[in-house]
Amino acid sequence: MMGEFIRDAALLLSSGDLIADRRFAYAADYAARGDHHAAHDLLQQVLERVPAWAAAWFALGEACAALGKFDAACAAYERALAVAPHDALGAALKLAQFGAAPLPDTAPDAYVKRLFDDYADRFETHLVGRLGYRGPQLLADAIARLRQTPFAQAIDLGCGTGLCGERFRADVGQLAGVDLSPRMIAQARAKHIYDRLDVADIETFLAGEAAGSADLVLAADVLVYIGDLRPLFAAAHRVLQRHGLFAFTAQTASRGFELGDDLRYAHAPGYIREVARESGLSLPLLEHAAARRGAGGDVAGLVAVLEK
């Protein structure tokens, strides 16, 4: 895990110092081989040369964590966040994971954008081919059990490369998609299945839509980057027509919302029911269903359909 992060960061975030960059790359090789002591020592050398490089501080945090030095890891994540407050590396999530900071209500936008810009070229091969992703089909099956009528206007939140759009294109009149990642949007645009595509965070996008303008809102594998669902559910309620549907997948938590080891949020069924009720949405369907596999098998998940 740490070796993969360092390799990605080295490609995306140069320090501007060739010697530091080279040592950073060597640290990646050591980490990939499981030699976290060597990676740790090299990263300290890197930071002597470029003390304001967030990627190196974050990588040092990963090395310390792998060595069981959790206080040192948190100190390194804090430095990463201090020098790069936009937090494209997810240091705030790491600090919350170790109990050193409050759990953010959502993953940082810059983190999600970087993650998926890097992931775009191999997204479908990895997600569908290796992880058996089936989120769009779960949503289609759930909706079909409640309603057969074609939809006039659908919004695909966090549309990515267009997997959900492909599944629903024949069932809707107008299809809009939105995603934080320009590279994911570029992949979706090349498929020519959306009537409109925007690069934006989903709450900003929904705020710009006319009230009551959509009869279907989709969010496949999106809530894993959102902890507090209240703003999203309220925005969905505003944009939906009467009897419009909001369908989504989620990962399963035991209570409230939690951050997993994979830095993805999970939500408890009771929490979803509570927030739906507060938002004025009914919940005709909420079931356990795994949208993808993880390292240990299927990832425990939920499929839900809310109605206005």
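Here the structure is a predicted model, which is why all the values come from computation and not from measurement. Here, residue 1 is the first one in the sequence, and each next residue gets the next number.
If you take CD on E278 and CZ on R230, they are separated by 4.5 Å, rounding to the nearest 0.5 Å. Once rounded to the nearest 0.5 Å, the distance linking SG of C74 with CZ of R79 reads 14.5 Å. A distance of 6.0 Å separates OG1 of T252 from NE2 of H288, quoted to the nearest 0.5 Å. Separation of atoms NZ (K308) and CG (D215) is listed at 12.0 Å; rounding is to 0.5 Å. To the nearest 0.5 Å, atoms CG (L180) and CZ (F205) are separated by 12.5 Å. Atom CG of D221 is separated from atom CG of L139 by 10.0 Å, given to the nearest 0.5 angstrom.
G165 approaches D156 most closely through the heavy-atom pair N-OD2, 3.4 Å. Of all heavy-atom pairs spanning A253 and P269, the tightest one is O-CD, 4.0 Å. Between A154 and V172, the closest heavy-atom pair is CB-CG1, 3.6 Å. Taking every heavy atom of both residues into account, W53 and V83 meet most closely at C-CG2, 4.4 Å. Nearest approach of L93 to A107, heavy atoms of both residues: CD1-CB, 4.1 Å. Here the shortest heavy-atom pairing between G160 and D179 reads N-OD2, 2.8 Å.
Proximity of E307 to L146: side-chain heavy atoms (C-beta onward) are nowhere separated by under 4.5 Å. Q241 has its side chain out of reach of S213: every pair of non-hydrogen atoms, C-beta onward, lies at least 4.5 Å apart. Between Y225 and T106, every side-chain heavy-atom pair lies at or beyond the 4.5 Å cut-off. Put simply, the side chain of L223 does not reach to within 4.5 Å of the side chain of T249, judged on heavy atoms. For the pair V217 and L157, the minimum side-chain heavy-atom distance is below 4.5 Å. L127 places a side-chain heavy atom less than 4.5 Å from the side chain of Y119. When side chains are defined from C-beta on, I143 counts as touching L216, because their heavy atoms get closer than 4.5 Å.
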ring-ring contact (aromatic ring centres under 6.0 Å, His included) assessment of Y26 paired with F24: CA-CA 5 Å; Y26 291 154; F24 193 98; over 10 Å; no
What do the steps show when you test H267 against Q251 for side-chain hydrogen bond (donor to acceptor under 3.5 Å, both in side chains), and what is the final call? CA-CA 6 Å; H267 300 86; Q251 290 183 195; over 6 Å; no
Before you tell me yes or no, could you show the steps for Q45 and D41 under side-chain hydrogen bond (donor to acceptor under 3.5 Å, both in side chains), namely the whole-Å CA-CA distance, both residues' side-chain angles and the distance that decides it to 0.1 Å? CA-CA 7 Å; Q45 294 175 31; D41 292 346; over 6 Å; no
Donor-acceptor pairs are to be reported for all side-chain atoms of residues 293-301 against protein atoms at under 3.5 Å, with residues two or more places apart or in another chain.
residue, atom, partner, partner atom, Å
R293, NH2, R130, O, 2.9
D298, OD1, R134, NH2, 3.4
D298, OD2, R134, NH2, 3.4

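Residue Y271 is grouped with residue V224 when hydrophobic side chains (ILVMFWY) are merged at heavy-atom distances under 4.5 angstrom, including chains of intermediate members. Following chains of ILVMFWY side-chain contacts shorter than 4.5 Å, one can reach L206 starting from V222, so the two form part of one hydrophobic cluster. The cluster map of Ile, Leu, Val, Met, Phe, Trp and Tyr, joined by side-chain heavy atoms under 4.5 Å apart, puts Y265 and L306 in the same cluster. Connection of F233 to L240 is established within a shared hydrophobic cluster, with ILVMFWY side chains joined at heavy-atom distances below 4.5 Å, either directly or through further cluster members. Linking ILVMFWY residues whenever their side-chain heavy atoms come closer than 4.5 Å, directly or via other members, places L229 and L302 in the same cluster.
A salt bridge links E209 with R196: the closest approach of a Lys/Arg side-chain nitrogen to an acidic carboxylate oxygen falls below 4.0 angstrom. In summary, D109 and R114 do not engage in a salt bridge, as defined by a charged side-chain N under 4.0 Å from a carboxylate O. Here E62 pairs with K94 in a salt bridge; the nearest charged N to carboxylate O distance falls below 4.0 Å.
Among the candidates R189, R183, E124, E166, the single residue satisfying the side chain to side chain donor-acceptor pair (under 3.5 Å) test with T161 is E124.
Both cation-pi conditions hold for R33 and Y30: the charged atom is under 6.0 angstrom from the six-membered ring centre and inside a 45 degree cone around its axis.
Note on ring orientation: taking the six-membered ring where Trp is involved, the planes of F123 and F116 are perpendicular (angle over 60°, cut-offs 30° and 60°).
Side-chain polar atoms of D87 and Y77 form no donor-acceptor pair below 3.5 angstrom.
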